[in-house]
Amino acid sequence: MKNIIEIKNLHKSFGIEDILGKINLDIKENEFLTILGPSGCGKTTLLRIIAGFETATSGNILFGGKDLLIFPPHKRNINTVFQSYALFPHMNVEENIAFALKIKKENKDIIKEKVTKMLNLVNLNGFEKRRVRQLSGGQQQRVAIARALINEPKVLLLDEPLGALDLKLRKEMQIELKNMQKSLGITFIYVTHDQEEALTMSDTIVVMNKGEILQKGTAEDIYNEPLSAFVADFIGTSNILPGQMEKDFEVYIQGVKFHCIDKMPDTKDVDVVIRPEDVEISKNADKFPLKGEVINVVFFGVHYEMIVKVEDTLWKVHSTVMTKPGEIVGIDVSKELIHIMRR
Amino acid sequence: MKSTKLAIPYIIWIFIFTIVPVFLLINYAFSTNTGSFTIDNFSRFFSPLYIGILMRSFYMAFWSTIICFIIAYPVAYILSTKEFKNRNVLILLFIVPMWMNFLVRTYAWLFILGNNGVLNIFLGFLGFPQIRLLFTDAAVLIGLVYTFLPFMIFPIYSSLSKIDYKIVEGAQDLGANSFYVMLKIIFPLSLPGIASGLTMVFMPAVATFLVSNILGGGGYMLIGNLIEQQFMIVGNRHFGSAISLILLALILVFNMLISTLIREEETN
């Protein structure tokens, strides 16, 4: 696949404050790329620079091999779905969607045909004459997507577009967005702070913090092989425990030896990442290598989430085994589920 | 319960100073000196002289409203853009004159526009011939525009600053240049402010008598002056009341016209 967007040494600062460090990122054609990070990490600024609403302090972006930053937003073949939708309140659904084509002075029949096509795509047939204020949040979201797609942009930018929707609708829209992206063959650059959303939809995830890209990879890569404690923590509610390694495939966690499948890095002290669902617990505490006291139990439907205190360290555990606070339980982790990171 | 109680002083106020006077006006307008019912006060108004004064009032109010709008819209727009740094200074510049007495402000124009006034001294200094401005339509127009300009700026400014900037970005994102954004997004969304600006300028301008009295000179007659004259000089409160009612009715019609026009524009 060819690169459609190449971001080179992009830097942004407001006064003395750096918003973006030096960002280098290649985005491929037809890729669903998610920029994931906590609020204030610079992800929205990056998106707004691509859209043209912010200027970069230095660096460059190539779009299809050509310089992008010299063009104002209205001359870029890139469209945006805004977090707040930014629908035109004085226009009905049809006028909102047709806006981009009317600017181009497109033939009326073509506009009508394309609007109908877009309404089909987002499942809003029959809503042509509705005013946008009369629509629900989910419907407004669909109008915003249709409006941005009617121009057939090569790249669609989405700035936390599902943030305002309730959980069920959000899940539905995640699947629909992914299907849309596949069938239209458009590059999606999706900004979110919701790690689950990122894992569900993306071909590639870019994890950002404090204006820097920490890791880029597939959802599986990022989830299973986080490069740093920050990524591990952000991508899932992980246990990140201090550990020591004397040799390959052996790690001491809280003084107890565990087998693992990672080699020893160049330092002795390591971070050990263990996901809550990978922790095995048993009420027969003495049979397991570590034991601790259950501090807190929350029922989550499919499983219980409990906090187990082992000496002075808290472990987060997801398990179907029911326990009570105060109970002493044993803890074990099988070797392929222990992930070692350099400290 | 509590909230309705709080409204009682206002209701009393409105009743004494608005409702009662309107009924007094109606009573005077439809009666003669001896108190018997008549419509003569109204039919008297429909003579070329009085209709001429009415037309002139509407003419002056119309143009002062248009000029106010042409000046106010760009000012309000600049005030509402977030890049504008000296917003508070500019707003203050428009507000400070309103702290001054209205009469004093209007008299100040006498000294600016007079034959030996500031303006003519300045023109002479530049080598231009003097112009006679005071006691002309132009002077009254300048006075009206000056007096009512803030009433046009502030409602437009308020509706412009309510526009979510994301909407503008949305339009740019879809390919709209600044002209198109202005035409299709910003202007239509500021229509409610324009509507209240138009009515807030037109209504007092059409009924004005002080500005026209001072800057138009003694013989200058607008509908407001005519009403004042009937009450204060001629002492015919019956005819004065009838003219007031006619003006009231015309303003109501104008008001309804504007609001329906704006509503249609909004739904289209």
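Chain naming here is simple, since letters A, B, ... match the order of the sequence lines and numbering starts at 1 in each.
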Undergrad: Using a cut-off of 6.0 Å, state whether more than 12 heavy atoms not belonging to B:Tyr59 lie near its atom OH.
TA: no
Undergrad: Can the ring centres of A:Phe99 and B:Tyr180 be said to be less than 6.0 Å apart?
TA: yes
Undergrad: For atom CE of B:Met98, decide whether the heavy atoms of other residues, nucleotides or ligands shown that lie under 6.0 angstrom number more than 12.
TA: yes
Undergrad: Is a side-chain donor or acceptor of A:His74 paired with a backbone partner of B:Ser178 at a separation under 3.5 angstrom?
TA: no
Undergrad: Can you confirm whether B:Phe69 is buried at CZ, in the sense that more than 12 heavy atoms of other residues, nucleotides or ligands lie under 6.0 Å from that atom?
TA: yes
Undergrad: Below 4.5 Å from any heavy atom of chain B, which atoms of A:Leu101 appear? Answer side chain, backbone, both or neither.
TA: neither
Undergrad: Within a strict 4.5 Å, meaning less than it, do heavy atoms of the A:Thr80 and B:Gln172 side chains meet?
TA: no
Undergrad: Does NZ belonging to B:Lys184 count more than 12 external heavy atoms closer than 6.0 Å?
TA: no
Undergrad: Chain B heavy atoms under 4.5 Å from A:Lys104: which part of the residue, side chain, backbone, both or neither?
TA: neither
Undergrad: What's the shortest heavy-atom distance between A:Phe53 and B:Glu169, and which atoms?
TA: CZ-O, 3.3 Å
Undergrad: In this structure, are over 12 heavy atoms from other groups packed under 6.0 Å from B:Met100 atom CE?
TA: yes
Undergrad: So, for A:Pro89 and B:Leu189, which heavy atoms are closest and what is the spacing to 0.1 Å?
TA: CG-CD2, 3.6 Å
Undergrad: Highest number of heavy-atom pairs under 4.5 Å with chain B: which of A:Gly52, A:Ala51, A:Pro73?
TA: A:Pro73
Undergrad: Got more than 12 heavy atoms from elsewhere within 6.0 Å of NZ, A:Lys178?
TA: yes
Undergrad: Can any side-chain N or O of A:Asn79 pair as donor or acceptor with the backbone N or O of B:Asp173 at less than 3.5 Å?
TA: yes
Undergrad: Is it the backbone or the side chain of A:Ser84 that comes under 4.5 Å from a heavy atom of chain B, or both, or neither?
TA: side chain
Undergrad: Can you tell which part of A:Leu87 gets under 4.5 Å to a heavy atom of chain B, answering side chain, backbone, both or neither?
TA: backbone
Undergrad: Test side chain to side chain contact (heavy atoms under 4.5 Å, CB included) on A:Phe88 and B:Leu174 and set out the steps.
TA: CA-CA 12 Å; A:Phe88 307 131; B:Leu174 294 166; 4.1 Å; yes
Undergrad: Return yes when atom NZ of A:Lys75 has more than 12 non-hydrogen atoms of other residues, nucleotides or ligands closer than 6.0 Å, and no otherwise.
TA: no
